[in-house]
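A short write-up of the structure that comes next.
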Amino acid sequence: MALTAVVRIPTRALLRPWARLRDSALGWMEPVGGVEVSTQRFGSQRVLVEPASAAGVAVMTFKNPPVNSLSLELLTELVINLEKLENDKTFRGVVLTSDCPGIFSAGLDLTEICGRNPAHYAEYWKAVQEMWLRLYLSNLMLVAAINGACPAGGCLMSLTCDYRVMADNPKYAIGLNETLLGIVAPFWFKDTLVNTIGHRASERALQLGLLFPPTEALQVGMVDRLVPEDQVQSTALSVLAQWMAIPDHARQLTKNMMRKPTADGLLKKRDEDIQNFVSFISRDSIQKSLQMYLAKLRQKKG
Ligand SMILES: CCC/C=C/C(=O)SCCNC(=O)CCNC(=O)[C@H](O)C(C)(C)COP(=O)([O-])OP(=O)([O-])OC[C@H]1O[C@@H](n2cnc3c(N)ncnc32)[C@H](O)[C@@H]1OP(=O)([O-])[O-]
């Protein structure tokens, strides 16, 4: 099996805004003696990509204030930048982190799934699926540097990584809290969690919508390591340095062997999953729940 053929997703056909964003992306690679070498910061408006000082490693920083919610634009830019890193064979590992103080990501952008029309829900959900598939099956080593709150879709994104380092600050929490919003985490969110913390712990966490403070997240296995807040990124980089010692092709095949069956669950029924999502999220009762949740978030501030 060819290593580069792990994910077969016709990306251009899936998300229409990509072509536009691709055009506006900053120049990032220069051919040097036939080999593409990164020369500078690159990325796009909401996703900054910087080569780290260690060879073969990049830091991908999400920059979608105020809370790094996963808007359609952020999801699109994330996938484009990941694809660029994967296509450039000089990169083997990526640290995913946030530029928003105290927040890794607030999860799916609630304004994308509340008060819109079915066509929008379908387009958005396809982008969420795409983000998950691309990260979950990435042949790169991915380490999440969780430097803040990490609920719902933010937690999902971190769970796609090969390793999670979290800031040891009791103000932050991580988990799939969908039931608290009156919505249901889809089966592939559930599968990703089960693959990380096991069936029983997932069953409880998902039903109760648990958001684990760092110490509990470590205990349950949702994160792999806790460090002081100012050491999250440096620790993630040193973890990657250890992983870099493993021959890539053996590690990639192993990762694929572990993850492909889970990803296939979605790949086999993407359209059905989109239809399910659209009909679920369009229900009046669900829209009401989401509106109330958003109003509560806004009130909290005022
Ligand atoms: C089947 C579907 C599966 C679903 C999966 C999901 O991911 S569902 C997602 C589940 N996600 C969650 O349950 C997380 C919900 N969010 C939180 O719990 C907190 O915002 C926080 C802990 C992330 C940060 O606390 P903090 O005190 O630092 O910040 P703050 O609270 O003051 O918010 C600042 C502004 O951001 C706004 N905004 C916030 N989140 C979202 C969002 N997801 N989207 C859009 N907007 C959001 C908030 O309204 C406010 O706007 P305003 O008033 O300025 O117009």
Side-chain angles (χ1 to χ4, degrees), residues 46 62-75 78 97-116 118 120-132 135 144 146-160 166-167 169-193 202 205-214 217 222 229 266 270 272-283 285-302:
R46 298 164 191 85
F62 305 119
K63 204 176 172 184
N64 194 23
V67 291
N68 265 343
S69 60
L70 300 173
S71 62
L72 186 56
E73 289 83 4
L74 177 59
L75 292 171
L78 192 166
T97 195
S98 160
D99 187 59
C100 296
I103 302 163
F104 180 73
S105 164
L108 302 195
D109 190 324
L110 293 166
T111 65
E112 302 273 14
I113 60 173
C114 190
R116 306 286 194 113
H120 184 82
Y121 297 144
E123 183 183 17
Y124 181 66
W125 198 245
K126 195 178 258 190
V128 178
Q129 289 180 335
E130 185 70 8
M131 176 270 293
W132 179 74
L135 287 172
I146 306 168
N147 50 352
C150 192
C155 173
L156 178 77
M157 190 161 62
S158 76
L159 292 175
T160 64
M166 187 174 186
N169 182 336
K171 281 197 297 195
Y172 304 152
I174 179 168
L176 294 179
N177 60 323
E178 279 78 356
T179 53
L180 302 185
L181 286 74
I183 54 180
V184 180
F187 71 90
W188 41 283
F189 283 47
K190 177 263 296 173
D191 290 342
T192 314
L193 185 65
S202 298
L206 285 169
Q207 287 194 54
L208 298 177
L210 294 180
L211 286 167
F212 296 94
M222 193 171 275
E229 202 150 349
L266 178 61
R270 281 187 80 166
E272 190 184 325
D273 183 62
I274 291 171
Q275 280 162 24
N276 286 341
F277 174 76
V278 173
S279 68
F280 176 74
I281 214 73
S282 305
R283 283 187 211 163
S285 58
I286 300 300
Q287 285 292 311
K288 266 192 200 125
S289 285
L290 291 175
Q291 276 157 16
M292 278 166 53
Y293 190 80
L294 256 175
K296 254 199 330 210
L297 279 176
R298 286 173 179 151
Q299 265 168 24
K300 185 187 83 174
K301 218 175 150 191

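This one's a predicted model, so the numbers in the text were calculated from it and none came from an experiment. Every number for a ligand or one of its atoms is a count from 1 in the order of the listing.
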Does ligand 1 have any atom sitting under 4.0 Å from a heavy atom of [X]?
X: Pro151; value: yes
X: Leu70; value: no
X: Phe280; value: no
X: Ala185; value: no

Geometry only, no angles: is [X] polar-contacting ligand 1 at N/O separations under 3.5 Å?
X: Leu108; value: yes
X: Ala152; value: no
X: Leu297; value: no
X: Ser69; value: no
X: Pro186; value: no
X: Glu178; value: no

Would you confirm whether [X], through its side chain, and [Y], through its main-chain N or O, come within 3.5 Å as a donor-acceptor pair?
X: Tyr121; Y: Arg116; result: yes
X: Gln287; Y: Ile113; result: yes
X: Asn64; Y: Leu74; result: no
X: Asp109; Y: Leu72; result: no
X: Thr160; Y: Trp132; result: no

Note to self: Within the 4.5 Å heavy-atom criterion, are Leu290 and Leu181 side-chain neighbours or not?
What the structure shows: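 Answer yes - side chains close enough.
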Check: Are side-chain heavy atoms of Leu110 and Ser69 found at a separation under 4.5 Å?
Finding: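 When only atoms from C-beta onward are counted, Ser69 and Leu110 do not touch, as no gap falls below 4.5 Å.
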Check each heavy atom of [X] against ligand 1 and say whether those closer than 4.0 Å belong to the side chain, the backbone, both or neither.
X: Ile183; answer: side chain
X: Leu181; answer: side chain
X: Asn177; answer: side chain
X: Leu180; answer: neither

Notebook entry, point to check: Short list, please: which atoms of ligand 1 are under 4.0 Å from a heavy atom of Val184?
Noted result: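 Near Val184, meaning under 4.0 Å from one of its heavy atoms, ligand 1 has 1 (C).
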Item checked: Which of the ligand 1 atoms, numbered from 1, are nearer than 4.0 Å to a heavy atom of Gly153 ->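 Those qualifying, in numeric order: 6 (C), 7 (O).
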Next item on the list: For Phe189, check ring-ring contact (aromatic ring centres under 6.0 Å, His included) against everything at least two apart and list the hits.
Entry: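 Partners of Phe189 under the ring-ring contact (aromatic ring centres under 6.0 Å, His included) test: none.
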Item checked: Per atom 12 (C) of ligand 1, closest listed option by heavy atom (Gly107, Ala106, Pro66) ->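 Among Gly107, Ala106, Pro66, the closest heavy atom to atom 12 (C) of ligand 1 comes from Ala106.
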Check: Quick one: side chain to side chain donor-acceptor pair (under 3.5 Å) partners of Ser282, sequence neighbours excluded?
Finding: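 Not a single residue meets the side chain to side chain donor-acceptor pair (under 3.5 Å) criterion with Ser282.
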